[in-house]
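Before any comments, here is the structure.
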Number of protein chains: 2
Amino acid sequence: MPGDAGDTAPDRLTPVLRPVRAGNGFEEALEQILQVVRLGLVPDGGRLPAERVLAERLGISRVTLREVLKVLQDQGLVESRRGRYGGTFVLPRPRGGAAGGEDELRRRVAGVDVEDVLRFREVLEVGAAGLCAAHGTGGERAGRLRAALAATRDAPLADYRRRDTLLHLTLAELSGSPTLAAQYAAVRATVNDLLDCIPLLVRNLEHSQRQHDALVEAVLDGDADAAREIMREHCAGTAALLRGFLT
Amino acid sequence: MPGDAGDTAPDRLTPVLRPVRAGNGFEEALEQILQVVRLGLVPDGGRLPAERVLAERLGISRVTLREVLKVLQDQGLVESRRGRYGGTFVLPRPRGGAAGGEDELRRRVAGVDVEDVLRFREVLEVGAAGLCAAHGTGGERAGRLRAALAATRDAPLADYRRRDTLLHLTLAELSGSPTLAAQYAAVRATVNDLLDCIPLLVRNLEHSQRQHDALVEAVLDGDADAAREIMREHCAGTAALLRGFLT
DNA sequence: AAGCAATGGTTCCCCGCCATACCTTATGGC
DNA sequence: GCCATAAGGTATGGCGGGGAACCATTGCTT
């Protein structure tokens with residue numbers, strides 16, 4: 001067979017040649033906005049950026065964006081108000097899964113490679129913790145971290161997940177690598193989906209809280225090794241929980 | 001001001017709301033194929049997947065893909081041959097930057113956040129090394145790793161970069177997190193661009209080689225802490241070099 | 001009360017990309 | 001020698017999404 005010498009190993013290309021777009025622009029935009037809501041970056045009653053701004057951030061046209069928002073409105077997740085100081089507002093989730101959000105969750109979680117997610121998440125979190133501790137947190141940054149930590153302490157149970165997410169996301173942002181922060185946001189949205197599938201155990205929350213305290217302390221002390229180790233244990237805890245419940 | 005209570009912190013959304021597509025499908029496909037070539041996943045003279053296959057992998061139509069390949073042909077990077085056992089073949093790089101590839105490189109490197117790249121890279125590499133060491137490398141996997149390491153040892157200088165990339169990519173693939181592997185491929189393509197901007201020092205290669213040996217040994221021994229530590233130093237070395245040369 | 005500014009709501013047209021089908025060339029097997 | 005096969009090369013029609021301009025509504029400011 002001619003050309004044999006130069007033939008390529010079969011699937012070496014797999015990591016690189018991923019589809020250029022996951023579905024059409026509409027679906028991807030929908031996914032991202034849902035991510036914002038799921039991550040709790042916009043609290044209940046909070047306002048999303050104006051359509052013109054949001055469309056530009058997402059790199060889609062306003063027309064397409066409006067179709068996305070239309071869907072979210074029909075599902076009762078957001079509400080649009082016109083006029084100055086109007087906008088698109090996030091509605092409080094109708095409690096009790098009346099809107100069939102449960103099926104939606106199952107659908108999203110169905111295709112997830114749990115091991116992939118958990119491993120990737122740990123790598124990012126541990127890395128972020130290490131970076132933060134290593135390159136120091138100047139005054140304002142230390143403040144943000146402490147504030148995020150404090151917010152988790154006096155959180156009502158229903159809002160704990162959201163504040164926990166924000167704490168971790170803060171750490172990722174302070175790592176000094178925007179790419180890391182973006183990737184963490186993506187993977188954390190998936191992790192939250194997974195967590196929504198399993199019961200919330202108060203015992204675990206208390207344990208998490210102690211780890212959070214120790215983690216922030218290590219980071220502010222600049223003790224990178226300690227920060228990494230604590231974060232590794234923290235992630236291992238969640239991972240074990242998820243692996244246990246998700247068959 | 002009404003609605004003040006629910007207003008969103010200004011740029012908390014930055015990590016999530018990234019453009020749904022970087023440029024149009026054409027550009028993104030071009031970027032990915034260039035990535036394959038830059039990473040050396042297809043050696044000189046090697047064949048890319050058939051157009052129909054490649055188009056499907058990239059999630060674009062064959063028409064669009066052919067426009068991309070047309071550009072690459074015009075630049076003398078690939079060559080298409082018809083008939084059975086034909087295909088699209090990667091041409092050896094015309095030495096000495098005759099084709100103005102230098103400007104192309106500068107252009108690509110211009111907008112790169114070097115700190116972001118270096119940090120993110122280290123996080124992924126260290127994480128991959130730790131995962132590989134921790135969850136064990138079964139027989140076939142250990143073989144792949146050893147083979148990749150051996151290939152770097154007797155590499156001609158001109159091919160060292162490529163084999164080094166393949167070694168690291170192998171580690172990323174063996175981490176058990178496809179997402180990590182994909183992200184590493186992307187960031188490594190950028191790192192290679194950066195490395196192309198600075199001189200190649202033989203002293204550094206020897207040092208790297210010793211680190212590679214130690215790294216693989218630690219991984220195969222299942223010593224995660226050692227693997228992580230070696231990888232951290234390895235990355236720090238490259239990072240220092242790049243920070244030094246790139247202003 | 002008038003006007004301005006910021007927002008959501010609507011319409012139009014055009015381009016890029018896709019799906020499909022078909023043609024052409026080269027190689028190996030019968 | 002013929003033909004099946006696998007690859008690149010070409011042509012056409014349709015439509016989803018983008019850009020831009022405009023309308024409608026609201027509330028602050030003067």
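Each chain gets a letter, A, B and so on, in the order its sequence line appears, and its residues count up from 1.
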When you look at A:Leu169 and A:Leu41, which way does the side chain to side chain contact (heavy atoms under 4.5 Å, CB included) test go after all the steps? CA-CA 10 Å; A:Leu169 199 51; A:Leu41 296 181; 3.6 Å; yes
Closest approach to the side chain of B:Arg84, judged atom by atom: which nucleotide of C:dG9, C:dA26, C:dT7 is it? C:dA26
I need the CZ-C1' distance between B:Phe26 and C:dC15, as an integer number of Å. 15 Å
Should we count CD of A:Gln73 as having more than 12 external heavy atoms under 6.0 Å? yes
C:dC18 phosphate, OP1 or OP2: any side-chain N/O from B:Thr64 under 4.0 angstrom? yes
Taking only N and O in the side chain of A:Arg81, is any of them less than 4.0 Å away from OP1 or OP2 of C:dG8? no
How many whole angstroms separate atom CZ of A:Arg66 from atom P of D:dG17? 16 Å
Looking at B:Glu67, I'd like to know if its CD atom is crowded, meaning that more than 12 non-hydrogen atoms belonging to other residues, nucleotides or ligands lie closer than 6.0 Å. yes
Atom CD of B:Glu67 and atom P of D:dT10: how far apart are they, to the nearest Å? 12 Å
d(OH, A:Tyr85; P, C:dC4) in whole Å: 17 Å
Strictly by modelled atom types, are A:Asn192 and A:Thr165 linked by a side-chain donor-acceptor pair under 3.5 Å? yes
Charged N-O contact under 4.0 Å between B:Arg119 and B:Asp113: no
Once you round it to whole Å, what is the distance between P of D:dA20 and CD of A:Glu56? 11 Å
Starting at CG of A:Leu65 and ending at P of C:dG8, how long is that distance when rounded to a whole Å? 9 Å
Take the protein atom CZ of B:Phe89 and the nucleotide atom P of C:dA26, then report the distance between them rounded to whole Å. 13 Å
Please state how far atom CG in A:Leu54 lies from atom P in D:dG18, giving the value in whole angstrom units. 13 Å
Please determine if B:Glu31 and B:Arg38 form a salt bridge, counting it only when a charged side-chain N lies under 4.0 Å from a carboxylate O. yes
Using the closest heavy atom to pick a nucleotide of DNA chain D for each, name whichever of A:Gly25 or A:Gly83 lands nearer the 5' end. A:Gly25
Any protein N or O atoms within reach of nucleotides 19-24 of chain C? Criterion: under 3.5 Å, listing atom names and distances.
| from | atom 1 | to | atom 2 | distance (Å) |
| --- | --- | --- | --- | --- |
| C:dT24 | O2 | B:Arg82 | NH2 | 3.2 |

So do A:Leu145 and A:Thr170 actually touch side chain to side chain, heavy atoms under 4.5 Å? yes
Establish, with yes or no, whether the OP1 or OP2 oxygen of C:dT7 is under 4.0 angstrom from a side-chain nitrogen or oxygen of A:Ser80. no
